[in-house]
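Order of the sequence lines fixes the chain letters, A, B, ..., with proteins taken first and strands second; residue numbering starts at 1 for each chain. The structure presented is a predicted model; accordingly, all values stated were derived computationally and were not measured.
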Amino acid sequence: MLTIYNTLARAKQEFVPIEPGRVRMYVCGMTVYDYCHLGHARVMVVFDMVARWLRASGYRLTYVRNITDIDDKIIKRAGENGEPIRALTDRFIAAMHEDAEALGVERPDHEPRATDYVPQMLGLVDALEQRGLAYVAGSRDVCYAVRKFPGYGRLSGKSLEDLRAGERVDVMEGKNDPLDFVLWKHAKDDEPAEVKWDSRWGQGRPGWHIECSAMSSQLLGAHFDIHGGGQDLQFPHHENEIAQSEGAMDPNEGGTFVNYWMHNGFVRVDNEKMSKSLGNFFTIREVLKSYDAEVVRFFILRAHYRSALNYSDAHLDDARQALSRLYTALKGFDAEPRVNWDDAYARRFRDAMNDDFGTPEAVAVLFDLANELNRTRDAALAAQLKGLAGILGLLQRDPVAFLQAVPATSAGPAAADIEALIAARAAAKKAKNFAEADRIRDELRKHGIVLEDSAGGTTWRRA
RNA sequence: GGCGCGAUGGCAGAGUGGUUAUGCAGCGGCCUGCAAAGCCGUUGACGUCGGUUCGAUUCCGGCUCGCGCCUCCA
């Protein structure tokens, strides 16, 4: 039985899908005006893991992760670059796909682009206006009247009184209430034609929040099972999505927009949230210059998805060492991944994953398995290890290839040169010239190459 | 100011009302020409003050510290 920590309930709950055997999941994706950073990597990896586990559990899953390709920052960036918006967003979508693929993140079933769903957004705004939840503000923007939606604040645990809008931010002129948010932004003269859509409120473009309500209902229906995203989206974004989606429903039908809300924790740097605005972010591609992408994935998955995750080189080094141990255990086996669910390790793994996606415990099971594999060298255990790890998207490569992989930036010695030195050392060893053999080994060690002698000969790996 | 989350051994990071994960690092041993890897053993922890309990790191409350949201943000 799967339990999920539901932000809406602030507790773990048994997961019961709306339709037996079928799961519909929507995750808020990226705004594509720049390269993805490690915070984005975490969302992608975490919900990829969730998707994999749901499928491994036998559910038929439809997974949607959207792309925001229209908003203020995109318009600004395109203007700065002097390029069309579409060129900018296409470029960064391609980059995002490269990053995701490197991290072993499978493509969601749908990756809707906001600009392809403007008619659906307008339909929602229309419905909201008809139900008296939307109005045209003095700025000519169409806004949502937050006070008219009874459950506002339920997800984030904030009451309208607590929010005290205006405390930190200047209130936008023309809104009835400071907390009201924009559904449809009225076009400005200096904006490019590319960001103007016709509507019965005049030319304009969608507000950010309405995008997700429109795309999710179009692709998953008005009610679905799981909605995910980073913790920072809890308020106001997800709160607003609920207000929009439930507010636009036929009052006679009503019902709950989403049953389970999942939020992953932040990636931090020096104990502070990694973010664009703080400027303390590392892009995925930057990190991948010095670390193997699987190490980054392992680093993310060895922590629980809801906890904060501190990023540093030292921690990635540590993750790399740990992952090497797993691959080392698999060395020498040409194992096909195969899970035997009757086995005690597999059961522990499953219990861990079913407990709100407990990947730290699941990873611990992998290490226990590796330990027994090292002792017994039993091929069935190797298949089991590779099978369970595969559910997490780990350990599917050739072990030697992983252990010898070179980070993109540090150009270590070529494999052929290393092999030549190993041969020379073997000759020296045979002649009992241990001083020379050790000299060669020390020489290679200086270049980050570690030699390992065994009965079958000498192998090497990158330190 | 309001709301929320957290504090675990040198580091990372789970978990549990009593037997105290997992990884890295350390220490001792086995293996090895010597190493490395691996194996065996081992040191070491639950912020603080109270309460509940036969027993609390685990439950409850106060305090301290850290972080996040209340603005765009994964």
Side-chain angles (χ1 to χ4, degrees), chain A residues 7 10 27-31 36-47 65 68 71-73 153 156-159 161-172 179 181 208 228-237 239 263-268 271-278 281 298-299 302-304 306-310 312 314-326 328-329 331 348 352 355 358-368 370-371 373-377 403 429 432-435 437-438 441-442 445 450-455 458-461 463:
Chain A
T7 305
R10 306 214 172 259
V27 172
C28 288
M30 266 55 77
T31 299
C36 293
H37 59 64
L38 281 177
H40 302 121
R42 192 174 190 191
V43 194
M44 291 197 283
V45 168
V46 160
F47 287 99
R65 189 186 61 215
T68 294
D71 96 327
D72 289 352
K73 285 179 180 170
S156 52
K158 297 175 191 299
S159 71
E161 288 63 40
D162 289 344
L163 283 164
R164 300 277 311 273
E167 184 121 41
R168 290 181 51 189
V169 176
D170 289 338
V171 176
M172 195 185 84
L179 289 167
F181 57 92
W208 177 44
Q231 236 156 34
D232 44 3
L233 298 187
Q234 223 173 88
F235 187 90
H237 185 55
E239 197 72 70
H263 293 98
N264 65 274
F266 295 132
V267 175
R268 295 189 196 168
N271 230 29
E272 266 189 331
K273 174 186 172 183
M274 179 184 289
S275 71
K276 285 277 173 62
S277 36
L278 284 170
F281 62 92
F298 178 81
F299 168 68
R302 87 205 292 225
H304 189 86
R306 280 192 282 117
S307 59
L309 182 58
N310 254 311
S312 75
H315 297 159
L316 279 189
D317 287 337
D318 183 89
R320 189 172 146 327
Q321 286 295 105
L323 188 57
S324 294
R325 175 172 165 80
L326 257 18
T328 301
K331 208 167 85 172
R348 264 222 286 153
D355 183 9
T359 56
E361 173 65 16
V363 167
V365 172
L366 262 28
F367 281 100
D368 288 346
N371 176 262
L373 178 58
N374 283 331
R375 273 183 287 128
T376 62
R377 303 307 288 163
L403 295 167
K429 274 176 66 175
K432 302 276 184 212
N433 185 354
F434 294 122
D438 291 353
R441 187 172 60 196
D442 291 346
R445 189 65 189 78
V450 178
L451 298 189
E452 292 171 357
D453 295 338
S454 72
T458 300
T459 57
W460 62 275
R461 65 183 166 87

Please report the distance separating the [atom1] of [N] from the corresponding atom of [M], rounded so that it comes out in whole Å.
| N | M | atom1 | answer |
| --- | --- | --- | --- |
| B:A14 | B:C46 | C1' | 12 Å |
| B:U42 | B:U22 | P | 12 Å |
| B:A21 | B:G33 | C1' | 39 Å |
| B:A45 | B:G15 | C1' | 13 Å |
| B:C69 | B:G18 | P | 36 Å |
| B:U53 | B:G68 | P | 40 Å |
| B:A74 | B:U16 | P | 32 Å |
| B:U71 | B:G2 | C1' | 16 Å |

**OP:** State whether the side chain of A:Thr359 and the backbone N or O of A:Ala303 hold a donor-acceptor pair below 3.5 Å, judged by distance alone.
**Re:**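 Indeed, once roles are kept as given, a pair shorter than 3.5 Å links the two residues.
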Subject >> A:Glu361 side chain vs A:Ala352 backbone, donor-acceptor pair below 3.5 Å >> reply: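 Absent.
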Original post:
Looking at A:Leu323, A:Leu316, A:Leu366, which hits side chain to side chain contact (heavy atoms under 4.5 Å, CB included) with A:Phe298?
Top reply: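 Only one option passes, and that is A:Leu323.
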Original post:
Only one of A:Val46, A:Leu309, A:Val27, A:Val45 clears side chain to side chain contact (heavy atoms under 4.5 Å, CB included) with A:Asn264; which?
Top reply: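 Among A:Val46, A:Leu309, A:Val27, A:Val45, the one meeting side chain to side chain contact (heavy atoms under 4.5 Å, CB included) with A:Asn264 is A:Val46.
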Just checking [X]: base, sugar-phosphate only, or nothing, at a heavy-atom cut-off of under 4.0 Å?
| X | result |
| --- | --- |
| A:Arg461 | sugar-phosphate |
| A:Val450 | sugar-phosphate |
| A:Asn264 | base |
| A:Gln321 | sugar-phosphate |
| A:Gly229 | sugar-phosphate |
| A:Ser277 | base |
| A:Lys432 | nothing |
| A:Gly265 | base |
| A:Val267 | base |
| A:Met44 | nothing |
| A:Ala322 | sugar-phosphate |
| A:Leu451 | base |

**OP:** Run the salt-bridge test on A:Asp438 and A:Arg441 with the 4.0 Å N-O cut-off and return the result as yes or no.
**Re:**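 Yes, this pair counts.
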Would you kindly give the [atom1]-to-[atom2] distance between [X] and [N], to the nearest whole Å?
| X | N | atom1 | atom2 | answer |
| --- | --- | --- | --- | --- |
| A:Phe235 | B:C72 | CZ | C1' | 13 Å |
| A:Asp442 | B:A36 | CG | P | 12 Å |
| A:Glu361 | B:G23 | CD | P | 12 Å |
| A:Leu233 | B:U71 | CG | P | 14 Å |
| A:Gln234 | B:C70 | CD | P | 11 Å |
| A:Asp368 | B:G23 | CG | P | 7 Å |
| A:Leu316 | B:G23 | CG | C1' | 14 Å |
| A:Phe367 | B:A21 | CZ | C1' | 12 Å |

**OP:** Carefully, step by step, assess A:Met30 and A:Cys36 under the rule side-chain contact (heavy atoms from CB on, under 4.5 Å).
**Re:** CA-CA 8 Å; A:Met30 266 55 77; A:Cys36 293; 4.0 Å; yes
Original post:
For A:Arg42 and A:Met274, what are the C-alpha separation, side-chain angles and deciding distance, and is it a side-chain contact (heavy atoms from CB on, under 4.5 Å)?
Top reply: CA-CA 11 Å; A:Arg42 192 174 190 191; A:Met274 179 184 289; over 6 Å; no
N or O in side chain of [X] less than 4.0 angstrom from [N] OP1/OP2:
| X | N | result |
| --- | --- | --- |
| A:Arg375 | B:C40 | yes |
| A:Arg377 | B:G38 | no |
| A:Asn374 | B:C39 | yes |
| A:Asn371 | B:C40 | yes |

I'd like a list of close polar pairs between nucleotides 3-13 of chain B and the protein, N/O only, cut-off under 3.5 Å.
{"from": "B:C3", "atom 1": "O2'", "to": "A:Gly157", "atom 2": "O", "distance (Å)": "3.3"}

**OP:** Please map the stems of RNA chain B, keeping only stretches of three or more Watson-Crick or G-U wobble pairs with both distances under 3.5 angstrom.
**Re:**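 Stems (3+ consecutive pairs) listed as B:1-7 with B:64-70, B:10-12 with B:22-24, B:26-30 with B:38-42, B:47-51 with B:59-63.
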Just how far is it from atom [atom1] of [X] to atom [atom2] of [Y], taken to the nearest 0.5 Å?
| X | Y | atom1 | atom2 | result |
| --- | --- | --- | --- | --- |
| A:Leu451 | A:Thr459 | CG | OG1 | 8.0 Å |
| A:Arg445 | A:Asp442 | CZ | CG | 9.5 Å |
| A:His237 | A:Cys28 | NE2 | SG | 3.5 Å |
| A:Lys73 | A:Thr68 | NZ | OG1 | 11.5 Å |

**OP:** Let me know, please, whether A:Leu278 or A:Met274 comes out on the 5' side of the other along RNA chain B by nearest nucleotide.
**Re:**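 The answer here is A:Leu278.
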Please write out the pairs of protein N or O atoms and N or O atoms of nucleotides 26-33 of chain B separated by less than 3.5 Å, giving the distance to one decimal.
{"from": "B:G33", "atom 1": "N1", "to": "A:Asp438", "atom 2": "OD1", "distance (Å)": "2.9"}
{"from": "B:G33", "atom 1": "N2", "to": "A:Asp438", "atom 2": "OD1", "distance (Å)": "3.4"}
{"from": "B:G33", "atom 1": "N2", "to": "A:Asp438", "atom 2": "OD2", "distance (Å)": "2.6"}

**OP:** Give a yes-or-no answer on whether the side chains of A:Thr458 and A:Lys429 include a donor-acceptor pair shorter than 3.5 Å.
**Re:**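 Judged by distance alone, the side chains do not pair up.
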Original post:
Looking only at side chains, do A:His315 and A:Ser312 share a donor and an acceptor under 3.5 Å apart?
Top reply: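 Side chains of A:His315 and A:Ser312: pair found under 3.5 Å.
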Original post:
Can A:His37 and A:Val267 be said to form a side-chain contact (heavy atoms from CB on, under 4.5 Å), step by step?
Top reply: CA-CA 10 Å; A:His37 59 64; A:Val267 175; over 6 Å; no
**OP:** Begin from the C-alpha positions of A:Lys276 and A:Phe281 and carry the test side-chain contact (heavy atoms from CB on, under 4.5 Å) through to its verdict.
**Re:** CA-CA 6 Å; A:Lys276 285 277 173 62; A:Phe281 62 92; 3.9 Å; yes
**OP:** Just compare B:A36, B:A74, B:U22 and give me whichever is closest to any side-chain atom of A:Met30.
**Re:**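 Of the options given, the side chain of A:Met30 lies nearest B:A74.
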